[in-house]
Asker: 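This is the structure I want to talk about, given as structure tokens.
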Amino acid sequence: MKQINFSRIERKWQKQWESRGIFKAREGRRRKYYIVEMYPYPSGFGLHMGHAFNYTIGDVQARLRRMQGFNVLYPMGYDSFGLPAENAAIKAKSHPKRFTEQAIKNYIKQQKELGLSYDWSRLIVSHDPEFYKWDQWIFLKMFEKGLAYKKKAPVNFCKKCNTVLANEQVVNGKCWIHEDSDVEVKLLEQWFLRITDYADELYEGIDKLDGWPDLIKTLQKNWINKSHGTEIDFFVGDKIWKVFTTRADTLFGVTFLVVSAQHPDLMALVSDKQKKEVDKFLRKVRSVSDKDLVKLDKEGVFTGSYALHPLTEKRIPVWLGNFIVADYGSGMVMAVPAHDQRDFEFAKKYGLEIREVVRPKGGKKFNPKSAKEAYTGFGILGNSGGFGGLKSQEAIQHITNALEMKHKGRKAVGYRLKDWLISRQRFWGTPIPIIYCNACGIVLVLEKDLPVKLPENIKFSSKGNPLVGHDKFMRAKCPKCGKIGRRESDTMDTFVNSSWYFLRYCDPKNKKKIFDSKKANYWMPIDNYIGGKEHACLHLIYFRFYTKFLRDIGLLRFDEPVKRLFNQGMLHAADGRKMSKSYGNVVLPDEAAKKYGVDAMRMFLISVASPDKDFNWSDKGAEGSLRFVLKVMNFVDDFKNKKIKSKKMTKLQESKLHRAIRDYTDDLEVFGYNLGVIKLRALFDVLREGCDKRSLEIFLRLFSVICPHVAEEMWEKLGNRGFVSLEKWPKFDKKKIDDKLEEIENQINKLIDDIRNIIKIVKGRGKKVGRVYLYVLPQEKKNYDSEKLVGRLGIEVIIFAVNDKGKYDPEGKAKKAKPGRPGIFLE
RNA sequence: GCGGGGAUGCCGGAGUGGUCAAACGGGACGGACUCAAGAUCCGUUAGCUUAGUGCUUACCAAGGUUCGAAUCCUUGUUCCCGCACCA
């Protein structure tokens, strides 16, 4: 392939874009367009091809919208807190900041080399105190509103991370970072954010997220999992134990209660007599990992306590069970063995009473002894006091009402979503701005004292958070009484940073406020948010929560952070496996860029497949894109050197040009980049038939969003000053799109196919072909140009109208002529 | 178990009721250019048949809806992914 020094061209234009600051965003009156890619964790390994793909998707859109006249905000930042940097620092006996900032530098360099049109002046990094100060500020605000709180709870603990994790960070019972590390459940006192206060709005709002992929919406719905039901009070002694059920109709069938083995107040239920057995059981349960728990038989042990049935006043035993999820509802359930499969199995095993209260219409009596499974459907009630004869659906209403009258229950909505555990026993994160004072208890750091900065001089010991042993950090005056207290040594989950960083982009240098509301309200919500779908139930829920909270304290005027969410597909290696050093199939962006040039690489990445689908890297594919880029460059060269003369475009070409502008734009606007590239290639073929400078420049403008460096270079070559990146996006003229003309062309193509077919057949018979005679309908004669046909067929072509009197037609082929299909005679 | 997304020609991948033997790219093959190679350009790329036609087989499989299906419905096969004892 022709050798071109792409990196010279790339550097030239990258430098100019930067020195002229042409991608800087300023607030204004124009219509805004805000595009963000999920900011990356700056890994020491640098950019991989998936990053390049991700950012190219955003960059193409940003460039398009900019040229379309929008005021575009397209920023970049780094989610720089987190474990990898801390672990690297521990290993090297250094400070994570060193590693992080080196990695960031590297990222910036590599991203600039991709020609991404970020407004670098708005760069933000999470570990900057000027940024995390506002994490702490939000924490303060949440604390004031009762949304940040500390509680003892069963929490997920990863030994490898040496810290607790959020519910969302536990994957199949394993840590989200360490797939080989079983998450243990521990009972610890931790900081939480009360995201459940927003559970309903987060859930109901999903339906309004029109621009979000259905997949993400479904995942979020399942995650939050709203269910309507009844909360019922059971008395054990004089204490109320709440239970949530969606099947209040089965209340009379309750024969025991089951409490989770992880319930924090569990021991209050255990009688002295049963203590030994319970302890034994608990030891057994806790030795089994979460994942294996699912496969276990339902097992349990009697606690020794009895509860009072709220309506029948009967005494029912309270059991401890290994199958009760501690964090759903209240961690205790009412067991209805006749109508719930799990309860049924449990009751069978321990010989507990099974009481039928719901029977399907016309169904037979339920026999607890012979039955193989519970009846879990709806039906008609029996054995249910005054509720007998009601249908299940009605009974749910009536029984709930009855409970409400007695103040022993109420309508309730249950969510699977739990409060967000944000404490981390790690160093490299935002310190939680709390001071423990012996006299005053838990005290918030004052706003004026923010940020609580991470110390620079730290020593990592083999275990745990180095902040704990850092006296200077830990000793702090109590803001209330002035006595020396102890700082909170836990830091915040890194997902806290990403929950609002996109707002800081709107006003990144503000020293007085988290951001100026006017600016945020101008830029937000994000028009296009681009990132992977793995964040469906993590970041993409958290940032909705933060947005709603900041709205509620008066900073924002909108409910959702993102209008349109785009999840890019996964990029795999050429062999279809994921790119990995151990497979030896990694292709790095800087290496590929050397080989193909950045522009061809960009073009390949976005054109192999629809960008939302998974695809494989392919050297052949990249070469194909490079071929196209080279063709464009050659063409412009030849045009400039007058090797190709400027030529007025035909009406047909004009029609195709305008159609291309229209369709290409439509494709790009909805991220149909792969389809857009097809149109761009087709347009180039049209221009190659001969075109004028104006049309060629239109092409370059369209081309520039995908291949910006080459486009700038060619733009300049044609004698233009200024940047093609700042040109106006071409507009199409509907009147110039001529369907009829293009239809005629199709007919001619078909005609040529026919002629070739006949030539093939004739030649196959050993005859020679010298000349083609066409017989066209008189009104169509103007559509056919014998010179052009000769050009394509390479043999002489003579055209008659069917009614030409003196025509040469030895075989009467003129009779075969139909509209759009001339008769053909070859000899 | 529940939920989501796939299965298209040699390959990657468009296409969601007729204009589809199915875009575009890659590969392969034939031709042009050339001393030659590369690059570039043109053409072919389901089969049979035919002076431009017609037929058959085709979009995982089997049924169905329809005048008409790659496209809609049912069932099945299979692959990927998410959640998972949620009361």
Side-chain angles (χ1 to χ4, degrees), chain A residues 1-2 171-173 213-219 221-223 225-227 229-230 243-247 250 258 260 290-291 293-298 321-336 339-343 345-346 376 414-417 533-534 536-537 570 574 576 603-604 607-610 612-616 618-625 627-628 630-631 634 672 674-682 688 743 746 750-762 764-765 767 769 772 791-794 811 813 816 818 821-826:
Chain A
M1 233 168 259
K2 193 171 159 185
V171 182
N172 279 331
D214 286 337
L215 172 69
I216 302 293
K217 293 201 271 186
T218 315
L219 288 175
K221 276 204 164 177
N222 290 345
W223 186 262
N225 192 23
K226 180 179 181 180
S227 56
T230 309
V243 151
F244 178 77
T245 180
T246 53
R247 290 296 301 275
T250 63
V258 195
S260 165
D290 259 23
K291 199 183 179 184
L293 215 56
V294 179
K295 295 180 207 145
L296 289 183
D297 275 354
K298 290 167 186 39
N322 64 357
F323 65 102
I324 304 303
V325 182
D327 22 271
Y328 186 76
S330 57
M332 186 191 247
V333 299
M334 59 181 221
V336 190
H339 304 297
D340 181 282
Q341 189 56 26
R342 294 154 300 185
D343 302 345
E345 288 168 27
F346 196 80
T376 56
Y415 299 95
R416 203 187 81 116
L417 183 73
K533 41 186 162 274
E534 65 275 11
C537 297
M570 280 275 286
M603 181 171 172
F604 165 74
S607 65
V608 241
S610 177
D612 59 349
K613 293 218 168 122
D614 297 353
F615 68 100
N616 298 348
S618 148
D619 286 314
K620 289 274 180 228
E623 279 165 27
S625 296
R627 255 199 297 270
F628 180 71
L630 289 175
K631 270 196 254 180
N634 283 336
N674 56 327
L675 302 175
V677 168
I678 289 170
K679 275 128 201 170
L680 195 68
R681 283 173 176 269
R688 284 207 292 177
E743 176 54 30
N746 283 338
K750 177 80 180 112
L751 172 68
I752 287 173
D753 277 353
D754 287 344
I755 297 170
R756 283 204 176 113
N757 189 15
I758 300 168
I759 291 174
K760 208 172 91 192
I761 292 163
V762 171
R765 291 179 181 168
K767 288 185 201 161
V769 179
V772 181
R792 289 180 65 181
L793 287 163
E811 292 188 12
K813 298 290 186 192
K816 285 214 163 189
K818 285 177 209 154
R821 257 186 131 177
I824 304 167
F825 175 65
L826 265 105

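A note on names: the letters A, B, ... follow the listed sequences, proteins ahead of strands, and every chain is numbered from 1.
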Asker: Could you tell me which residues satisfy ring pair (Phe, Tyr, Trp, His ring centres under 6.0 Å) with Phe628(A), sequence neighbours excluded, listed by chain and number?
Answerer: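 Per chain and number, Phe628(A) pairs via ring pair (Phe, Tyr, Trp, His ring centres under 6.0 Å) with Phe684(A).
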Asker: What nucleotide, of G52(B), G3(B), C85(B), holds the atom closest to the side chain of Asn322(A)?
Answerer: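 Nearest to the side chain of Asn322(A) among the choices is C85(B).
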Asker: On a whole-Å scale, what distance lies between the C1' atoms belonging to U34(B) and G26(B)?
Answerer: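 These two C1' atoms come out 26 Å apart once rounded.
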Asker: With sequence neighbours left out, write down each residue that passes salt bridge (charged side-chain N to carboxylate O under 4.0 Å, His left out) with Lys813(A), or none if nothing qualifies.
Answerer: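 Glu811(A).
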Asker: Taking all non-hydrogen atoms of both residues, which atom of Met334(A) and which atom of Thr250(A) are closest, and how far apart?
Answerer: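 In terms of heavy atoms, the two residues are closest at CE-OG1, 3.8 Å.
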Asker: Hey, which of these two, Phe244(A) or Asp754(A), hits RNA chain B nearer its 5' end, going by closest nucleotide?
Answerer: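 The residue closer to the strand's 5' end, by nearest nucleotide, is Asp754(A).
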Asker: Taking Asp340(A) first and then Arg247(A), would you say they form a salt bridge - that is, a charged N and a carboxylate O separated by under 4.0 Å?
Answerer: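 No, this pair does not count.
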Asker: Under the side-chain contact (heavy atoms from CB on, under 4.5 Å) test, which residues partner Ser227(A), sequence neighbours left out?
Answerer: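 Result, side-chain contact (heavy atoms from CB on, under 4.5 Å) vs Ser227(A): Phe244(A), Thr246(A), Tyr328(A).
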Asker: Taking CG from Asn634(A) and C1' from A39(B), how many angstroms apart are they, rounded to a whole number?
Answerer: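 My rounded result for the distance is 10 Å.
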Asker: How far, in whole Å, is C10(B) from C67(B) if one measures between their C1' atoms?
Answerer: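 It works out to 36 Å between them.
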Asker: With sequence neighbours excluded, tell me which residues meet salt bridge (charged side-chain N to carboxylate O under 4.0 Å, His left out) with Arg756(A).
Answerer: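 Partners of Arg756(A) by the salt bridge (charged side-chain N to carboxylate O under 4.0 Å, His left out) criterion come out as none, since no residue qualifies.
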Asker: Please enumerate all residues that pass salt bridge (charged side-chain N to carboxylate O under 4.0 Å, His left out) together with Lys620(A), with sequence neighbours excluded.
Answerer: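 In terms of salt bridge (charged side-chain N to carboxylate O under 4.0 Å, His left out), with neighbours along the sequence ignored, Lys620(A) is linked to no residue.
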Asker: With rounding to the closest Å, how many angstrom separate the P atoms on G12(B) and U8(B)?
Answerer: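 Between the two P atoms, the distance is 7 Å.
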Asker: If you measure from the C1' atom in U71(B) to the same atom in A22(B), how many Å do you get, rounded?
Answerer: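 Going atom to atom, C1' in each nucleotide, I get 12 Å.
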Asker: Identify whether any heavy atom of Gly229(A) sits under 4.0 Å from a base atom; if not, whether one sits that close to sugar-phosphate; answer base, sugar-phosphate or nothing.
Answerer: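 No contact.
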Asker: What is the distance from OH of Tyr415(A) to C1' of A87(B), rounded to the nearest Å?
Answerer: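 Distance check: Tyr415(A) OH to A87(B) C1' gives 17 Å.
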Asker: Could you tell me how far G3(B) sits from A84(B) if I compare only their P atoms? Round to whole Å.
Answerer: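 Each nucleotide's P atom is 16 Å from the other's.
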Asker: Expressed in whole Å, how much space separates the P atoms belonging to A7(B) and C33(B)?
Answerer: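 Going atom to atom, P in each nucleotide, I get 44 Å.
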Asker: Report which part of the nucleic acid Leu751(A) touches: base, sugar-phosphate, or nothing (heavy-atom distance under 4.0 Å, all strands).
Answerer: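 Here Leu751(A) touches no strand at all.
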Asker: So Asp754(A) and Arg821(A), salt bridge (charged side-chain N to carboxylate O under 4.0 Å, His left out) or not? Walk me through it.
Answerer: CA-CA 10 Å; Asp754(A) 287 344; Arg821(A) 257 186 131 177; 3.4 Å; yes
Asker: What contact category does Phe825(A) fall into here, base, sugar-phosphate, or nothing, at under 4.0 angstrom with non-hydrogen atoms?
Answerer: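 Base: the residue Phe825(A), judged by heavy atoms under 4.0 Å, touches a nucleobase.
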Asker: Return the set of residues passing side-chain contact (heavy atoms from CB on, under 4.5 Å) with Asn225(A) (not counting sequence neighbours), or none when no residue passes.
Answerer: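 Partners of Asn225(A) under the side-chain contact (heavy atoms from CB on, under 4.5 Å) test: Arg416(A).
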Asker: What pair of heavy atoms forms the shortest contact from Ala335(A) to Val258(A), and how long is it?
Answerer: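 In terms of heavy atoms, the two residues are closest at CB-CG2, 4.1 Å.
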Asker: Please list, for nucleotides 25-34 of chain B, all pairs of protein and nucleotide N/O atoms separated by less than 3.5 Å.
Answerer:
| residue | atom | partner | partner atom | Å |
| --- | --- | --- | --- | --- |
| G26(B) | OP1 | Arg627(A) | NE | 3.4 |
| G26(B) | OP1 | Arg627(A) | NH2 | 3.1 |

Asker: Is Pro213(A) touching bases, backbone alone, or none of the nucleic acid, heavy atoms closer than 4.0 Å?
Answerer: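 Touches nothing.
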Asker: Using a heavy-atom cut-off of under 4.0 Å over every strand shown, decide if Lys533(A) touches base, sugar-phosphate, or nothing.
Answerer: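 No contact at all - Lys533(A) keeps every heavy atom at 4.0 Å or more from the nucleic acid.
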Asker: Run the numbers on His339(A) and Thr376(A) for side chain to side chain contact (heavy atoms under 4.5 Å, CB included), then give the verdict.
Answerer: CA-CA 5 Å; His339(A) 304 297; Thr376(A) 56; 5.6 Å; no
Asker: Protein-nucleotides 41-50 of chain B N/O pairs closer than 3.5 Å?
Answerer:
| residue | atom | partner | partner atom | Å |
| --- | --- | --- | --- | --- |
| C41(B) | OP1 | Arg688(A) | NH1 | 2.9 |
| C41(B) | OP1 | Arg688(A) | NH2 | 3.4 |

Asker: In whole angstrom, what separates Phe323(A)'s CZ from A87(B)'s C1'?
Answerer: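 Taking CZ of Phe323(A) and C1' of A87(B), I get 9 Å after rounding.
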Asker: Considering only side-chain heavy atoms of Trp223(A), which listed nucleotide, G3(B), G52(B), C83(B), is closest?
Answerer: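 Closest of the options to the side chain of Trp223(A): C83(B).
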Asker: Taking only residues two or more places apart in sequence, or in another chain, which ones meet Phe615(A) in a ring pair (Phe, Tyr, Trp, His ring centres under 6.0 Å)?
Answerer: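 With neighbours one apart ignored, the set is Phe53(A).
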Asker: Tell me, for nucleotides 7-18 of chain B in 5' to 3' order, what letter each nucleotide earns: B for a base near a protein heavy atom under 4.0 Å, S for only sugar-phosphate near one, - for neither?
Answerer: ------SSS---
Asker: Reckon Asp340(A) touches a base, only the sugar-phosphate, or nothing at all at heavy-atom distances under 4.0 Å?
Answerer: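 Counting heavy atoms under 4.0 Å across all strands, no contact is made by Asp340(A).
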Asker: Taking any heavy-atom pair under 4.0 Å as a contact, classify Ile759(A): base, sugar-phosphate, or nothing.
Answerer: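 Since no nucleic acid heavy atom lies under 4.0 Å of Ile759(A), the category is nothing.
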Asker: Distance check needed: G82(B) P versus Asn222(A) CG, whole Å only.
Answerer: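 After rounding, the reported distance stands at 14 Å.
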Asker: Applying a 3.5 angstrom cut-off to the pairing atoms, does RNA chain B sit in any stems of at least three consecutive Watson-Crick or G-U pairs? List them by first number.
Answerer: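 RNA chain B forms these stems: B:1-7 with B:77-83, B:10-12 with B:24-26, B:27-32 with B:40-45, B:46-48 with B:54-56, B:60-64 with B:72-76.
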Asker: Taking the C1' atom of each, how far is U65(B) from G13(B), in whole Å?
Answerer: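 30 Å, rounded to whole Å.
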Asker: With C1' as the reference atom in both, quote the distance from G68(B) to U49(B) in angstrom, rounded to an integer.
Answerer: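 To the nearest whole Å, 25 Å.
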Asker: Quick check against the 3.5 Å criterion: does Ser260(A) have a side-chain atom that pairs as donor or acceptor with the backbone of Ile324(A)?
Answerer: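 The answer is yes, because a donor-acceptor pair under 3.5 Å joins these two groups.
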Asker: Taking all non-hydrogen atoms of both residues into account, name the closest pair between Val243(A) and Ser330(A) and its distance.
Answerer: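 Shortest heavy-atom contact: CA-OG, 3.8 Å.
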Asker: Run the ring pair (Phe, Tyr, Trp, His ring centres under 6.0 Å) test against Phe346(A) and tell me which residues pass, sequence neighbours left out.
Answerer: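 Phe256(A), Trp319(A), Phe323(A), Tyr350(A).
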Asker: Any heavy-atom pair between the side chains of Ile758(A) and Ile824(A) that's under 4.5 Å?
Answerer: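 Yes. Closest side-chain heavy atoms under 4.5 Å.
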Asker: Roughly, in whole Å, what's the span from CG in Leu630(A) to P in G38(B)?
Answerer: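 Going from CG in Leu630(A) over to P in G38(B) covers 17 Å.
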Asker: Taking any heavy-atom pair under 4.0 Å as a contact, classify Ile824(A): base, sugar-phosphate, or nothing.
Answerer: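 Counting heavy atoms under 4.0 Å across all strands, the contact made by Ile824(A) includes a base.
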